[in-house]
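Whatever order the structure lists them in is the order used to number ligands and atoms, beginning at 1. Predicted, not measured: the structure shown is a model, and the values here were computed from it.
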Amino acid sequence: MKTIGVLTSGGDAPGMNAAVRSVVRTAIALGMEVKGINRGYNGLIDDDIFDLDIRSVSDIIHRGGTVLYTARSPRFKTKEGVNLAVENCKKHGIEGIVVIGGDGSFRGAQELSLCGIPCVGIPGTIDNDIACTEYTIGFDTAMNTAMEMVDRLRDTSQSHDRCSVVEVMGRHAGYLALQCGIAVGATAILVPEVETKMDDVIDKIKKSQTTNKKHFIIIVAEGVGDVEGIAKIIEFATGIETRATILGHVQRGGRPTVRDRVYATRFGYAAVQLLNKGIGNRVVGMSHGHIKDYDIYEALNMKKPFDMEMFEVANITSI
Ligand code: ADP
Ligand code: F6P
């Protein structure tokens with residue numbers, strides 16, 4: 001391939017810029033040209049495409065968000081949208097594309113690959129919910145942000161002998177909630193993958209009260225939801241003043257951690273190596289510390305296990 005494109009799509013994630021930088025630098029080192037595509041698949045449809053050189057990605061490795069902007073593009077889910085995108089690829093001589101995003105973005109990448117524009121996906125989402133990889137760009141930064149925010153809530157909960165019920169992101173998945181819950185020493189972690197009865201949460205709080213515990217943190221994955229309702233139930237059943245907090249989009253921003261920058265750089269390098277060999281319709285991922293790649297269709301049909309052992313560790317250590 002002589003010319004490849006790069007885009008970021010779906011929800012942004014800290015570390016996406018490091019991946020863009022890596023894609024551009026690797027491709028140029030291999031003798032290719034690189035086009036930046038703004039706002040995900042919308043940029044392909046609207047012909048918002050521009051040249052990237054080695055210096056155009058300077059000073060972005062440490063920045064959150066994505067310099068290529070991102071979007072959810074309903075138009076790309078239509079035949080007309082895909083046809084326009086393919087026409088614009090041809091117009092700019094784009095022979096392959098690196099798509100940085102979540103599983104929705106990979107469905108788009110599969111569609112484009114089937115239309116003759118080979119794509120390679122890089123997992124980028126704070127949710128870490130992509131089955132073919134142990135790690136997705138943004139997860140570590142988001143976990144650390146959530147942990148820091150909950151540490152602050154702990155201060156005020158402790159001062160007031162209160163309970164804090166905190167919602168963290170993750171869409172339908174509880175991976176962010178689980179790790180964050182362990183890191184903040186939450187009394188209970190509620191995730192969509194494990195059915196938890198409110199009575200059990202309340203019993204646990206009451207039991208801890210008997211051993212002199214006076215303030216509590218409950219982490220709730222957004223896939224479980226209704227933190228206000230949960231807070232009311234806890235306050236009513238235990239008599240402990242309880243406040244609900246939704247951390248929200250603060251978890252999506254900020255300077256990427258070391259882990260996010262390094263993984264993003266490795267993923268970007270690996271994705272370009274594939275396109276350079278003419279290989280598309282793949283997703284790169286991390287398995288036991290090694291980078292692997294998978295057929296997009298297979299990747300989308302894999303199931304990610306929930307770590308029940310870690311869930312048990314969280315439960316035992318928070319008595
Ligand atoms: P994420 O990539 O974070 O999972 P979305 O699910 O919103 O985010 O997907 C991002 C974009 O990928 C969508 O807005 C759409 O443009 C594209 N996309 C998602 N599903 C499909 C599909 N089945 N066919 C074509 N494009 C898709
Ligand atoms: O997929 C990342 C994510 O932040 C999810 O955790 C959350 O459910 C969703 O995106 C929020 O999407 P939006 O930015 O469109 O509100």
Side-chain angles (χ1 to χ4, degrees), residues 6-16 19 37-46 48 64-66 68-86 88-89 97-115 117 119-133 136-143 145-146 149 166-180 191-192 219-227 246-254 260 267 281 283 285 296-297 299-302 304:
V6 57
L7 62 82
T8 51
S9 166
D12 63 350
M16 279 184 164
I37 300 153
N38 276 328
R39 297 183 174 82
Y41 295 114
N42 279 345
L44 273 184
I45 296 171
D46 298 333
D48 192 357
T66 159
L68 293 180
Y69 306 93
T70 185
R72 307 204 198 264
S73 172
R75 284 184 293 160
F76 195 70
K77 289 187 177 174
T78 66
K79 196 77 211 139
E80 297 74 44
V82 174
N83 287 343
L84 272 171
V86 172
N88 284 325
C89 285
I97 299 181
V98 177
V99 171
I100 306 164
D103 50 6
S105 304
F106 296 162
R107 279 178 224 286
Q110 185 184 27
E111 195 62 36
L112 263 184
S113 301
L114 292 173
C115 293
I117 311 290
C119 293
V120 177
I122 293 181
T125 162
I126 65 161
D127 303 335
N128 201 20
D129 60 349
I130 297 176
C132 70
T133 181
T136 62
I137 299 168
F139 185 52
D140 192 52
T141 307
M143 282 190 302
T145 303
M149 297 295 127
V166 190
E167 180 185 302
V168 300
M169 277 189 166
R171 205 187 289 248
H172 307 299
Y175 308 109
L176 196 51
L178 175 60
Q179 302 239 5
C180 173
V191 292
I219 296 291
V220 181
E222 69 168 330
V224 173
D226 194 19
V227 276
I246 297 174
L247 292 186
H249 285 79
V250 69
Q251 296 160 98
R252 286 252 292 269
D260 278 322
F267 281 150
N281 202 30
V283 180
I296 295 185
Y297 180 80
L300 288 172
N301 284 295
M302 288 163 85
K304 193 163 196 163

Undergrad: Which protein heavy atom lies closest to atom 8 (O) of ligand 1, and at what distance to 0.1 Å?
TA: Arg72 NH1, 3.1 Å
Undergrad: Look at the side chain of Glu222 and the backbone N and O of Arg171, then say whether any donor-acceptor pair between them is shorter than 3.5 Å.
TA: yes
Undergrad: For atom 11 (C) of ligand 1, what's the nearest protein heavy-atom neighbour? Residue, atom name and distance, please.
TA: Ser9 OG, 3.6 Å
Undergrad: Is Asp103 close enough to touch ligand 1? Criterion: a residue heavy atom under 4.0 Å from a ligand atom.
TA: yes
Undergrad: Below the 3.5 angstrom mark, is there an N/O of Gly102, backbone or side chain, next to an N/O of ligand 1?
TA: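 So ligand 1 has an N or O lying under 3.5 Å from an N or O of Gly102.
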Undergrad: List the closest protein heavy-atom neighbour of atom 22 (C) of ligand 1: residue, atom name, distance to the nearest 0.1 Å.
TA: Arg107 CB, 3.7 Å
Undergrad: Can any side-chain N or O of Asp103 pair as donor or acceptor with the backbone N or O of Ile130 at less than 3.5 Å?
TA: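 No, because the side chain of Asp103 does not come within donor-acceptor range (under 3.5 Å) of the backbone of Ile130.
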Undergrad: Quick check: does Gly104 get an N/O under 3.5 Å from an N/O on ligand 1?
TA: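 Yes, there is a polar N/O contact under 3.5 Å.
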Undergrad: List the protein residues in contact with ligand 2, where contact means a heavy-atom separation under 4.0 angstrom.
TA: Arg72, Thr125, Ile126, Asp127, Met169, Gly170, Arg171, Glu222, His249, Arg252
Undergrad: Look only at the side chain of Ser9 and the backbone of Gly102, and say whether a donor-acceptor pair between them is shorter than 3.5 Å.
TA: no
Undergrad: Within the side chain of Gln251, is there an N or O that forms a donor-acceptor pair under 3.5 Å with the backbone of Gly248?
TA: yes
Undergrad: Note the single closest protein heavy atom to atom 14 (O) of ligand 1, along with its residue, its atom name and the distance in Å.
TA: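 The closest heavy atom on the protein side is Ser73 N, 2.6 Å.
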Undergrad: Between Lys304 and Thr133, what is the shortest heavy-atom contact and its length?
TA: NZ-O, 2.8 Å
Undergrad: Does any N or O in the side chain of Asn128 come within less than 3.5 Å of the main-chain N or O of Tyr175, such that one atom is a donor and the other an acceptor?
TA: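 A pair under 3.5 Å: no.
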Undergrad: Can you tell which part of Tyr41 has a heavy atom less than 4.0 Å from ligand 1: side chain, backbone, both or neither?
TA: side chain
Undergrad: What's the verdict on side-chain contact (heavy atoms from CB on, under 4.5 Å) for Val227 and Val166, showing C-alpha distance, side-chain angles and the deciding distance?
TA: CA-CA 7 Å; Val227 276; Val166 190; over 6 Å; no
Undergrad: Before you tell me yes or no, could you show the steps for Asp127 and Thr136 under side-chain contact (heavy atoms from CB on, under 4.5 Å), namely the whole-Å CA-CA distance, both residues' side-chain angles and the distance that decides it to 0.1 Å?
TA: CA-CA 8 Å; Asp127 303 335; Thr136 62; over 6 Å; no
Undergrad: Closer than 3.5 angstrom, by distance alone: can the side chain of Thr70 be matched with the main-chain N or O of Gly11 as a donor-acceptor pair?
TA: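 The answer is no, because no donor-acceptor pair under 3.5 Å joins these two groups.
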Undergrad: Kindly say whether Ile137 contributes a backbone atom to a donor-acceptor pair with the side chain of Asp260 at under 3.5 angstrom?
TA: no
Undergrad: Please confirm whether Ser105 comes within less than 3.5 Å of ligand 1 when only nitrogen or oxygen atoms on both sides are compared.
TA: yes
Undergrad: Please check if the side chain of Tyr41 supplies one atom and the backbone of Leu7 the other of a donor-acceptor pair under 3.5 Å.
TA: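 No, Tyr41 side chain to Leu7 backbone: no donor-acceptor pair under 3.5 Å.
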Undergrad: Find all atoms of ligand 1 within a distance of less than 4.0 Å from any non-hydrogen atom belonging to Gly11, and give their numbers and elements.
TA: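 Here the atoms of ligand 1 in question are 3 (O).
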